[in-house]
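Start at 1 and go down the list; that is how both ligands and their atoms are numbered. Predicted, not measured: the structure shown is a model, and the values here were computed from it.
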Amino acid sequence: MSAMNRLNGKTALVTGGARGIGRAICEAFVAAGAKVAVADLLADEARETAAALGENAMALAMDVTDLATISEGVSAVEKAWGQIDILVNNAGIFTMASIEEITPEVYRRQYDINVGGTLFAIQAVVPGMKQRGSGAIINFSSQAGRRGEPNIALYCSSKAAIISITQSLALELAGDGIRVNAIAPGVIDTPMWDVVDKLFARYENKPVGQKKREVGEEVPLGYMGSPEEIAEPCVFLASDAARYITAQTLNVDGGNWMS
Ligand code: NAP
């Protein structure tokens, strides 16, 4: 099979697919021959992304903290296309808060989206995957899941949890032919970085834009990654070329982290 057709005949659901890394994954999946459901809290943007991708894409209004919308979305895809072969748990948010600032509400939102959203989306697709005896799940961790940072205990720990969940579920589901892997991006130029840069400006007392410049310069390969540079490894992990890979978290970060 040529590289262009690596996902021929496969169907995928990508959470947080409307913009940033998720959108690039949807584009790369369709280019590789898959049908893609673009699931996002941003329903209008999800529709725009799906429309731009043409007949092989559909939009889903999905809040990964709301089990009813996850279940409705999964049912809609299974009804339209018969099955979900690939789930990408890309939806995530970044928060910064010192130990004094963390409230139960901030804690719950961070974990409900980054951790709960991943767990419950997996729970929703697993019955169909088990029935067919195959499936590929790709979770989104981060370099922040590899090492803590001041004022980022919530986000960093939520992304460390993703590495652990990926390992446990890979072992739990291996016998059903379902592979579970994760990607740990480094610094990637997406709308999320507008939020991240402004938060660092506040916490590190820097002009807006400075942190973003600095983190790009510090990458061994010399620049911030693009969403497309995350999407390509995601296509690989979703494809049969990665059939002997499970339980792994792949660093895609220009050399920032070595493991
Ligand atoms: P992004 O630009 O903020 O895109 C994330 C998308 O997920 C947004 O459309 C967002 O919508 C959506 N989303 C948020 N909460 C949701 C929910 N409850 N249900 C459904 N969708 C939801 O982020 P990104 O930079 O592409 O990041 C994608 C993933 O990679 C995240 O898991 C992130 O933590 C991870 N990551 C990113 C970087 C980076 O440098 N960019 C580095 C490491 C890891 P709203 O705008 O409404 O929130």
message = Arg109 vs Glu105, test: salt bridge (Lys or Arg N to Asp or Glu O under 4.0 Å). Steps then yes/no.
response = CA-CA 6 Å; Arg109 187 166 146 70; Glu105 291 71 30; over 6 Å; no

key: Check against side chain to side chain contact (heavy atoms under 4.5 Å, CB included), Gln131 and Gln83   = CA-CA 10 Å; Gln131 219 170 33; Gln83 62 200 61; over 6 Å; no

key: Intermediate values then yes/no, salt bridge (Lys or Arg N to Asp or Glu O under 4.0 Å), Arg47 and Asp44   = CA-CA 5 Å; Arg47 271 193 292 276; Asp44 289 343; 2.5 Å; yes

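Of all atoms in ligand 1, numbered sequentially from 1 with element shown, those under 4.0 Å from a heavy atom of Val187 are 40 (O). Interface atoms of ligand 1 facing Phe140, defined by a heavy-atom separation under 4.0 Å, are 30 (O), 32 (O). Short contacts between ligand 1 and Met62, defined as distances under 4.0 Å to a heavy atom of the residue, involve ligand atoms 19 (N), 20 (C).
In terms of N/O distances under 3.5 Å, ligand 1 is not approached by Ser142. For a threshold of 3.5 Å applied to N or O pairs, the pair formed by Pro185 and ligand 1 contains no separation below that value. Polar contact check, Lys159 against ligand 1: a nitrogen or oxygen pair lies under 3.5 Å apart. Between Arg19 and ligand 1, at least one pair of N/O atoms sits closer than 3.5 Å.
Among protein heavy atoms, atom 28 (C) of ligand 1 sits closest to Asn90 OD1, 3.0 Å. Looking only at heavy atoms of the protein, atom 24 (P) of ligand 1 is closest to Thr190 OG1, 3.6 Å. Closest to atom 22 (C) of ligand 1 among all protein heavy atoms lies Ala91 CB, 3.7 Å. For atom 12 (C) of ligand 1, the nearest protein heavy atom (residue, atom name, distance) is Asp40 OD1, 3.5 Å. Closest to atom 26 (O) of ligand 1, if we only count protein heavy atoms, is Ile21 N, 2.8 Å. When hydrogens are left out, the protein atom nearest atom 18 (N) of ligand 1 is Asp63 OD1, 3.0 Å; that is the closest non-hydrogen contact. Nearest non-hydrogen protein atom to atom 23 (O) of ligand 1 is Met192 CB, 3.5 Å. Among all non-hydrogen protein atoms, the one lying nearest atom 48 (O) of ligand 1 is Ile93 CG2, 4.4 Å.
Distance CD/Gln110 to NZ/Lys159: 8.0 Å, rounded to 0.5 Å.
The backbone of Ser141, and not its side chain, has at least one atom closer than 4.0 Å to an atom of ligand 1 (non-hydrogen atoms only; backbone = N, CA, C, O). The proximity of Trp193 to ligand 1, defined as any non-hydrogen pair under 4.0 Å, is limited to the side chain.
Counting only distance, with no hydrogens or angles, the side chain of Asp40 and the backbone of Leu42 share a donor-acceptor pair below 3.5 Å. The backbone N or O of Gly133 lies less than 3.5 Å from no partner atom in the side chain of Asp176, so there is not a single donor-acceptor pair. Between the side chain of Asn251 and the backbone N or O of Asp253 there is no donor-acceptor pair closer than 3.5 Å. With hydrogens and angles ignored, the 3.5 Å screen pairs no side-chain donor or acceptor of Thr11 with any backbone N or O of Trp81.
Remark: the Asn181 side chain and the Gln248 side chain contain no N/O donor-acceptor pair separated by less than 3.5 Å.
In this structure, Tyr155 counts as a contact residue of ligand 1, since one of its heavy atoms falls inside 4.0 Å of the ligand.
None of Val215, Val208, Ile152, Val195 except one satisfies the side-chain contact (heavy atoms from CB on, under 4.5 Å) rule with Phe200; the exception is Ile152.
Tyr107 OH: 12 or fewer foreign heavy atoms inside a 6.0 Å radius.
The heavy atom nearest to atom 42 (C) of ligand 1, considering only Pro191, Gly186, Gly116, is found in Gly186. If you check each of Ile188, Thr15, Val64, Asn139 against atom 41 (N) of ligand 1, the one with the closest non-hydrogen atom is Ile188.
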